[in-house]
Amino acid sequence: SSYDTSKTTSVIRSTDSGLTWSYATLPSSPASSWRDIDYGNGVFIAVAQSTSTTAAVARSTDQGVTWTFVTTPTVVSSGWGSIGYGRGNWIATVLTTSGTAGIAKSVDQGLTWTFLTVSASAGSGWYNVAYANSVWIAVALTTSTTAAILRAADTFTVASYTTASTSARPTCNGTVVSTENILCVQPWLSNSYILICGSGGKIGYLTNGVWVLYNSGDPICSNSTALG
């Protein structure tokens, strides 16, 4: 998916491990640019940063060859932010601070969606969500240390904030430098998650319930080092 809103050039797919690519055709143009995409149990689902209830969430059951828009509940604020799949549950986030219209769930492969009631986020709303090791992690675009990282079990029926010792986007001396914060959360190894922060920020990870930030020079994996 891309930031293009054309129905013929906004979704691109590959069947040879990324060597060659071709466009897929949508039934109509998305209401806004695509924001995120994920795959689970034979289904691709893509979300657009739009408040449209009929042209913001699309699904494909044939490896991305054809797509169908689904009808969603009314979205407030800036539209959908991210999408994730885990053990039969689809979770989508909205770029809003609402506690009743910020995180949506589907249990029928993305055909229908219901908003969950969770603690309202700080900052500019829910920016990303990921699932691994039977745990969901959702992150908000904020420098708050108490209302930025939401953690939930498989079904996302009960969610609670985790607290970082410092903001996930400080300078080297721990001072927050921007209202922007965590840009991405990804599963990484057993019981761990990687947080990718914006320009001027740091990379951190969650392991066994404890959030840790990398410092400059720390080894991240066998062939990479944190630079700043």
Shortest non-hydrogen separation from [X] to [Y] and the atoms involved:
X: Pro73; Y: Phe115; value: CB-CE1, 3.5 Å
X: Gly64; Y: Ala24; value: O-CB, 3.2 Å
X: Gly40; Y: Gln109; value: O-NE2, 3.8 Å
X: Tyr23; Y: Thr8; value: CB-O, 3.2 Å
X: Ser78; Y: Gln49; value: O-CG, 3.2 Å
X: Thr100; Y: Ser98; value: N-OG, 3.1 Å

Rounded distance [0.5 Å steps], [atom1] in [X] versus [atom2] in [Y]:
X: Arg59; Y: Thr66; atom1: CZ; atom2: OG1; answer: 10.0 Å
X: Phe156; Y: Arg151; atom1: CZ; atom2: CZ; answer: 11.0 Å
X: Trp126; Y: Ile103; atom1: CH2; atom2: CD1; answer: 5.0 Å
X: Ile45; Y: Ile83; atom1: CD1; atom2: CD1; answer: 5.0 Å
X: Ile37; Y: Ser82; atom1: CD1; atom2: OG; answer: 13.0 Å
X: Thr93; Y: Leu116; atom1: OG1; atom2: CG; answer: 11.5 Å

Between [X] and [Y], is any pair of side-chain heavy atoms under 4.5 Å apart?
X: Ile137; Y: Leu150; value: no
X: Trp80; Y: Thr51; value: no
X: Thr112; Y: Val70; value: no
X: Leu26; Y: Ser28; value: no
X: Gln63; Y: Thr15; value: no

### Query
Honestly curious: do Val57 and Trp90 fall in one hydrophobic cluster under the side-chain, below-4.5 Å linking rule?
yes
### Message
If hydrophobic clusters are built by linking Ile, Leu, Val, Met, Phe, Trp and Tyr wherever their side-chain heavy atoms come under 4.5 Å apart, do Trp113 and Val43 end up in the same one?
### Response
yes
Kindly say whether [Y] contributes a backbone atom to a donor-acceptor pair with the side chain of [X] at under 3.5 angstrom?
X: Lys105; Y: Thr155; answer: yes
X: Ser50; Y: Gly79; answer: no
X: Ser77; Y: Leu95; answer: yes
X: Asn128; Y: Val139; answer: no
X: Thr97; Y: Ala120; answer: no

### Task
Would you check, one step at a time, whether the test side-chain contact (heavy atoms from CB on, under 4.5 Å) holds for Thr53 with Val75?
CA-CA 7 Å; Thr53 60; Val75 174; 5.9 Å; no
### Message
Which label fits Trp34 and Phe69: parallel for a plane angle under 30°, tilted from 30 to 60°, or perpendicular past 60°?
### Response
parallel
#### Entry: Trace of the side-chain contact (heavy atoms from CB on, under 4.5 Å) decision for Tyr85 with Ile91
CA-CA 6 Å; Tyr85 174 82; Ile91 298 295; over 6 Å; no
### All pairs passing ring pair (Phe, Tyr, Trp, His ring centres under 6.0 Å) where residues 38-58 contributes a residue, at least two apart
Tyr39-Phe44
#### Entry: Side-chain donor-acceptor pair present, Asp154, Tyr131, cut-off under 3.5 Å
yes
### Message
Around atom NZ of Lys7, are there more than 12 heavy atoms from other residues, nucleotides or ligands closer than 6.0 Å?
### Response
no
